[in-house]
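In what follows, every heavy atom counts, from backbone to side chain, and hydrogens, waters and symmetry copies are set aside.
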Amino acid sequence: IYIHIAPYTTDLGFSLIVGASVVAIISGGSSAGGLMLGRIGDSFGNRRTVMISFILIAVTLFWVVFSRQIWMLYLFAVLFGLGWGAIATLRISVTGELFGLRSLGVILGIVELGSKTGGAVGPLISGWIFDITDSYFVAFLFVAGIAIVGLLSSWQLKPISRKSVGVNTDE
């Protein structure tokens, strides 16, 4: 989204300044989302808050493909940024809750490897889809679909039982 949202806004007829503003708002929303939804996760539950964040991301991606006015793009940017920032923050807490602290470093290394690989490959795939279709519609819906997979996967997450595997829970 970061790579393609500015070109998307220019395809809609807005200036590159508007596109840059949308990117900046996403970044600000992401920072706020990490703080606000991270705090909500502490109270409401991190897994539930991750699920809410994936819903927010998916809904805003469906929203942006139909956005034709500047306020719609700005609303997308704020809400998408909140969800995106929360995922970035809460994946660490959720990983610790699910697997404990003993192997947190290696597990987070695997999680981050997957995240960074997706971050590197995703823009290429989106660009390829754009080149084929001459539109971001399918690419953004594809990313919304990935968010839905993230939501469904988060829903299925259950902490491992420490007692059944003899793990010390006082880590």
Side-chain angles (χ1 to χ4, degrees), residues 1-41 44-95 111-157:
I1 297 303
Y2 279 105
I3 301 297
H4 295 286
I5 197 67
Y8 175 69
T9 60
T10 59
D11 286 354
L12 293 175
F14 297 105
S15 70
L16 195 52
I17 297 292
V18 171
S21 297
V22 171
V23 172
I25 293 168
I26 290 172
S27 296
S30 181
S31 296
L35 292 171
M36 291 179 358
L37 292 172
R39 176 66 187 115
I40 290 170
F44 186 60
N46 290 317
R47 188 177 68 93
R48 285 186 212 150
T49 308
V50 164
M51 291 171 59
I52 290 167
S53 298
F54 275 124
I55 291 168
L56 196 55
I57 290 169
V59 167
T60 57
L61 286 166
F62 283 114
W63 167 269
V64 79
V65 297
F66 298 106
S67 297
R68 298 294 177 259
Q69 297 176 15
I70 196 167
W71 71 268
M72 297 172 90
L73 293 171
Y74 289 157
L75 180 62
F76 156 78
V78 169
L79 297 177
F80 178 84
L82 288 173
W84 188 255
I87 295 292
T89 300
L90 292 172
R91 67 179 169 217
I92 297 167
S93 299
V94 169
T95 303
V111 168
E112 289 300 312
L113 176 64
S115 173
K116 302 310 180 210
T117 301
V121 174
L124 296 173
I125 293 171
S126 294
W128 178 73
I129 292 170
F130 176 83
D131 288 344
I132 291 172
T133 64
D134 200 32
S135 169
Y136 283 108
F137 185 83
V138 173
F140 288 179
L141 290 182
F142 177 72
V143 178
I146 291 171
I148 292 170
V149 170
L151 167 65
L152 296 174
S153 298
S154 300
W155 182 48
Q156 294 296 317
L157 294 175

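- Of all the heavy atoms in A20 and A6, the pair that sits closest is N-CB, 4.5 Å.
- Pairing each heavy atom of T49 with each of L37, the nearest pair is CG2-O, 3.4 Å.
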Using a 3.5 Å cut-off and no angle test, enumerate the donor-acceptor pairs between side-chain atoms of residues 122-130 and protein atoms at least two apart in sequence or in another chain.
unit_1, atom_1, unit_2, atom_2, d
S126, OG, G122, O, 3.2

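- Remark: Q69 engages W71 in a side-chain hydrogen bond (donor to acceptor under 3.5 Å, both in side chains) (not counting sequence neighbours).
- The side-chain hydrogen bond (donor to acceptor under 3.5 Å, both in side chains) check on S21 picks up nothing, with sequence neighbours excluded.
- Applying the ring-ring contact (aromatic ring centres under 6.0 Å, His included) test to F80 and every residue at least two apart in sequence or in another chain returns F76, W84.
- Residue-environment remark: CD1 (I70) exceeds the threshold of 12 foreign heavy atoms within 6.0 Å.
- A side-chain donor-acceptor contact under 3.5 Å links W63 to the backbone of M72.
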Next on the checklist: Could you walk me through whether L73 and L12 satisfy the side-chain contact (heavy atoms from CB on, under 4.5 Å) test, starting with their C-alpha distance in whole Å, then the side-chain angles of each, then the deciding distance to 0.1 Å, before giving a yes or no?
Outcome noted: CA-CA 10 Å; L73 293 171; L12 293 175; 4.1 Å; yes
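- Between V65 and L141, some side-chain heavy-atom pair lies under the 4.5 Å cut-off.
- In this view, F137 and F66 satisfy the ring-ring contact (aromatic ring centres under 6.0 Å, His included) rule, not counting sequence neighbours.
- With sequence neighbours excluded, the residues satisfying side-chain hydrogen bond (donor to acceptor under 3.5 Å, both in side chains) with R39 are S43.
- Atom OH of Y74 sits about 12.5 Å away from atom OG of S67, to the nearest 0.5 Å.
- Atoms CZ and CD1, from F140 and I5 in turn, are 4.5 Å apart once rounded to the nearest 0.5 Å.
- Under a 3.5 Å cut-off, the side chain of Y8 and the backbone N or O of V64 do form a donor-acceptor pair.
- For the atom pair CE (M51) and CG (L157), the distance works out to 9.0 Å, reported to the nearest 0.5 Å.
- Applying the salt bridge (Lys or Arg N to Asp or Glu O under 4.0 Å) rule to pairs touching residues 113-131 yields E112-K116, sequence neighbours excluded.
- Between I40 and I52 the shortest side-chain heavy-atom distance does not fall below 4.5 Å.
- Within the model, atoms CD1 of I87 and CD1 of I57 stand 5.0 Å from one another, a figure rounded to the nearest 0.5 Å.
- The shortest heavy-atom contact between I25 and A77 is CG2-CB, 3.4 Å.
- Without hydrogens or angle criteria, S115 side chain to V111 main chain gives no donor-acceptor distance under 3.5 Å.
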Distance-only criterion, 3.5 Å: show the donor-acceptor pairs between side-chain atoms of residues 142-154 and protein atoms not counting sequence neighbours.
unit_1, atom_1, unit_2, atom_2, d
S153, OG, V149, O, 2.8
S154, OG, G150, O, 2.8

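- Listed by chain and number, the residues in a side chain to side chain contact (heavy atoms under 4.5 Å, CB included) with L79 are L56, T60, L75, L82 (sequence neighbours excluded).
- Not counting sequence neighbours, L35 has no partner by the side chain to side chain contact (heavy atoms under 4.5 Å, CB included) test.
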